[in-house]
Structure formats: structure tokens, C-alpha cells
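Below you'll find the structure, written out as C-alpha cells, and then a few comments.
Just the heavy atoms: all of them, side chains too, but no hydrogens, waters or symmetry mates, feed the values below.
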Amino acid sequence: WELQLKGSGKTPYSRFGDGRAVLRSSVREFLCSEAMHWLGVPTSRAATLTVVDDGVPRDMFYDGRMKMERGAVVLRVAPSWFRFGSFEILAKNKELEELNQLADFILANSFPGISETGQSGYLAMFAEVVDRTADMIARWSVVGFAHGVMNTDNMSIKSITIDYGPFGFIDEYNPKFIPNHSDDMGRYDLENQVNIGLWNLDKLAEALKPLLDADKHKQFEMILQGYGEKYQEYQMNLYRAKLGLLGKSDSDEVLIGLLLDTMETTEADFTQTFRDLSELSLDDLKEAKIPESAWGLHQCLKSKQIKEFLKLYVEKVENDKIDDENRMMSMQKTNPRYILRNWIAQKAIEMAEEDDFSEVQFLQEILRNPFRTNPAAEEKGYAGKPPGWSKRIAVSCSS
């Protein structure tokens, strides 16, 4: 694994920035990278979080209101810190010898499973990056995570989640959810993450083309054509697991689409709805006996569609002869009770800014076991409805 300091100061890659990071964004990355790991999402990890004495000037919402904030440094670890942009900058500057050296180095050190070298090796490496990126973004989608700045500099060649800036987990299901306050056009909204992934992969292909003979360039396009299908397959398999389904059926996509559409229509909470399905027996679901404590699924009752979904779902489980206790147990190991919602992170940030890191430490422990009910977390309401003030939280690129 490679070590990297975020927020320690200027580096050759800082461009016009100061290379510093503020405490609020550092706490978010420190917590979220670990949360994602325990949710089963490929990610960088956070080893340490250090608060520094000197302040960092930041204009949080780019509205001219600059202020001094507390600075911090996060020690991050990852299998590799090379990004799509690492290739792109060399190709753009026509530094082809260095581009060749970089490709050979990454192929040899980051893709040990690939035996080919040279041009065949580059194509095999690209195919693996396409496959793993489709899997990574599918995993984002089924935990309701959206990355706020998916440019080529923030896309890992190892297809792990890196550079947690203005990210967000959705509360009520909304495909148009935008995690980044600065993203006025919604380029990185939830439903567009998969398309932006493809856009980035295309940029990587363009950067690698100078290393291949012209008659082999079409192979990049052929590999890219399989990206969408790979993503859909990975996502569907993950959704099947979230619903405790065994095997595959052509009707699964309709069933999952019906549930998501119902959640969108009723503004039901994404995480909680799936968790509620895992905690209610098939008999209760069959009769649509949804207690108010199951507040995610209960919200879905505002639409008649939920009864249609429950009917089809129960029939599917019964026809597949899935033991109900096993269904509930497997679903509870797949659908988290706790995620790093913005309002939860904000409470920890505000306490940390007053030199109280107890909530950061508490969340570390909770997010390490997101599927297990924790009495202290329940008492804090971390599995309850988000408070009204949480909708006013805005997260930007400013770090």
C-alpha cells in the first residue's frame, strides 16, 4: 500500500491551490473512507487525522466570504495513487516516453494478474479498469453514495473510491440528488455517476492510444462498449442481494425498478426502506403490516404501488422457497442500519472544531459495524428520520 498526506501543503500537483485542507473536509474523508470499506465498497483508507495549529483561509461557497478555518492533515493509504489523469497529463503534453514508462510501471506493479506486456498488456489493463470501475460505481449506487467531483484526477487506476470531497449519501431516494453545492448543472448527480464513469474511461482510452498502433485503437472502443452491460449486471446482482433473492430471473429488474420508483414517488428513505424489508417477516409483508417504526417502508404506503411490489416480492420469495429467517439474516448483513449521513457527519465536525473528537471516535466504531444495531447509536437517532435542519447542509469543493 502507498501512503499519501492530504492537506500537508503544496506539492507539484497543487496547481493554483495551497495544498492545505480544513478540518471539516478532513473529518468527512477520514470517516467516509472507512465507512465505505466496511460497506464493501473499494476505497482508499484513512490511517490518521491530525489537526494543525495554523489556520487555512477558505471561501466555502465561493461567494466572496473568505474566513480562516482550522487546518488538518489526513494520512491516506491505497494500493496505488495513480489516477486516470496521471496518464492524461502526459499524453496531452506529448511526453510519450514518460507515458510509456508509467504504463509499464503500473502494469507490472498494480496488475499482477496480467501476464501480457507491451500493447497487449495495455489493452488487458484497460479492460480490467473498465470492469472494476463498473463494479465500483454499481456498489456506490446500491448504498446510495454519490461522488461530487468525478474528474479524471479523482478516478483511480485501481478502481477504488478516492478523494472524498463533496460526496453524499442520499436520504430520500432521488435519482437527481446532487452532493456538490457547486455543481449547478447536476453533472455529478446520482443517476449520472455511471455515465460520468464512462466519460472518464473514454478519456483514459484516449490517453493510452499513443502507446498502441493505430490499427489497434478500435479495441478500446470495443472494450468500452461492454461497460454499460457490466454495470447493469453488477448492480442487479447487488440489488438481488439487498432483497435476499436467490438466483436470477428476468422479472428481477421489474421488481427492483418498481421498488425504486415507489421510493422516488413517495420520497421514502433509500437506506431505511431496504433495512425495513430485512427486519419485517414475510407474513407481515404479505399483509402490508408496516409499523411506523419501519419509517422508510411506511412512507412507501403513500403509493398504491408498494402493495403491488410487496405482492410480487412475496411471491418471488415463496416461489424460490427461500427460508424467511435466512432471508432476513442475509438482508441484514447487506443493508446497513447506519450510514454517514451529512447531518451525522456535521455533528461530529462541529464537536471536533471545539477540540472534542469523541463523536468522530464514536462514529468510527459505529461505521465499522454498520449492519449491527448499536444501542448508543439508536439513542442518538442515527437510524431515525433525518432532522429537518439537515436539508440545509451544503457541501462544496472547498477543502
Side-chain angles (χ1 to χ4, degrees), residues 41-43 79-96 99-100 102-142 145-163 175 185-239 253:
V41 180
T43 179
S80 172
W81 284 104
F82 285 112
R83 304 122 186 279
F84 293 7
S86 305
F87 293 88
E88 194 177 20
I89 191 172
L90 295 176
K92 184 176 180 180
N93 292 334
K94 301 190 184 305
E95 298 176 81
L96 301 188
L99 179 63
N100 209 137
L102 177 65
D104 286 341
F105 177 85
I106 292 177
L107 180 60
N109 290 276
S110 295
F111 295 87
I114 296 176
S115 58
E116 299 97 322
T117 58
Q119 297 189 26
S120 297
Y122 305 149
L123 285 168
M125 177 175 67
F126 181 71
E128 189 166 325
V129 174
V130 169
D131 182 82
R132 290 184 180 181
T133 300
D135 175 67
M136 177 187 70
I137 298 178
R139 290 178 184 275
W140 290 358
S141 73
V142 300
F145 174 87
H147 196 298
V149 188
M150 289 176 65
N151 54 37
T152 54
D153 283 343
N154 290 342
M155 297 292 291
S156 164
I157 198 66
K158 287 291 289 181
S159 303
I160 62 172
T161 315
I162 59 172
D163 292 341
M185 303 300 292
R187 175 176 172 81
Y188 303 120
D189 68 18
L190 181 68
E191 68 179 359
N192 206 34
Q193 303 267 296
V194 59
N195 297 325
I196 295 298
L198 178 60
W199 184 90
N200 280 285
L201 287 165
D202 182 65
K203 295 300 181 184
L204 177 60
E206 289 297 322
L208 290 172
K209 281 181 179 179
L211 302 180
L212 272 69
D213 297 334
D215 60 353
K216 295 182 179 179
H217 288 184
K218 286 188 177 180
Q219 294 188 48
F220 284 115
E221 297 171 17
M222 293 174 61
I223 294 170
L224 282 173
Q225 286 174 2
Y227 168 79
E229 186 175 339
K230 288 178 181 293
Y231 171 81
Q232 290 178 341
E233 181 180 358
Y234 285 131
Q235 188 189 53
M236 284 302 299
N237 286 337
L238 291 165
Y239 270 128
E253 189 171 347

Note to self: Do Val41 and Phe145 make a side-chain contact, defined as non-hydrogen atoms from C-beta onward lying under 4.5 Å apart?
What the structure shows: no
Next item on the list: Decide yes or no for Phe84 and Leu201: does some side-chain heavy atom of the first lie under 4.5 Å from some side-chain heavy atom of the second?
Entry: yes
Notebook entry, point to check: Just by distance, do the side chain of Asn151 and the backbone of Asp153 share a donor-acceptor pair under 3.5 Å?
Noted result: yes
Check: So, do Leu204 and Thr152 sit near enough that their side-chain heavy atoms are less than 4.5 Å apart?
Finding: no
Notebook entry, point to check: Does atom CD1 of Ile89 have more than 12 heavy-atom neighbours, drawn from other residues, nucleotides or ligands, at distances under 6.0 Å?
Noted result: no
Next item on the list: For Asn192 and Asn195, test the side chains for any donor-to-acceptor distance below 3.5 angstrom and give the result as yes or no.
Entry: yes
Item checked: Heavy-atom donor-acceptor pair, Asn200 side chain to Ile196 backbone, under 3.5 Å -> yes
Next item on the list: Examine Lys158 relative to Phe111 and say whether NZ or CZ is less than 6.0 Å from the centre of the six-membered ring and inside a 45° cone about the ring axis.
Entry: yes
Next item on the list: State the CG-CG distance between Asp104 and Asn109, to the nearest 0.5 angstrom.
Entry: 10.5 Å
Note to self: With a 4.5 Å cut-off on side-chain heavy atoms, are Lys216 and Tyr122 touching?
What the structure shows: no
Checklist line | Distance (rounded to the nearest 0.5 Å) between Gln235 CD and Lys230 NZ | finding: 15.5 Å
Margin query: For Glu253, is the CD atom crowded, meaning more than 12 foreign heavy atoms sit under 6.0 Å from it?
Written below: no
Note to self: Students often mix this up, so state it plainly: with edges at 30° and 60°, are the rings of Phe220 and His217 parallel, tilted or perpendicular?
What the structure shows: tilted
Checklist line | Donor-acceptor pair, side chain of Asn154 and main chain of Val149, under 3.5 angstrom | finding: yes
Checklist line | Under 3.5 Å donor-acceptor, Arg83 side chain and Trp81 backbone | finding: yes
Margin query: I'd like to check Tyr227 versus Ile137 (side-chain heavy atoms, cut-off strictly below 4.5 Å). Are they in contact?
Written below: yes
Checklist line | Point-to-point distance, once rounded to the nearest 0.5 Å, from OG1 of Thr133 to CD of Glu128 | finding: 10.0 Å
Note to self: Let me confirm one number: the CE-CG distance from Met222 to Leu123, rounded to the nearest 0.5 Å.
What the structure shows: 10.5 Å
Next item on the list: Could you tell me whether the side chain of Ser159 reaches within less than 4.5 Å of the side chain of Val129, counting heavy atoms only?
Entry: yes
Item checked: Atom pair CD/CD of Glu206 and Glu88 - distance to nearest 0.5 Å -> 9.5 Å
Note to self: Would you compute the distance between atom CD1 of Ile157 and atom CZ of Arg132 and round it to the nearest 0.5 angstrom?
What the structure shows: 10.0 Å
Check: Is a side-chain N or O of Asp135 found less than 3.5 angstrom from the main chain of Tyr234, in a donor-acceptor match?
Finding: no
Item checked: Check: His147 side chain, Asp163 main-chain N or O, donor-acceptor pair, under 3.5 Å -> yes
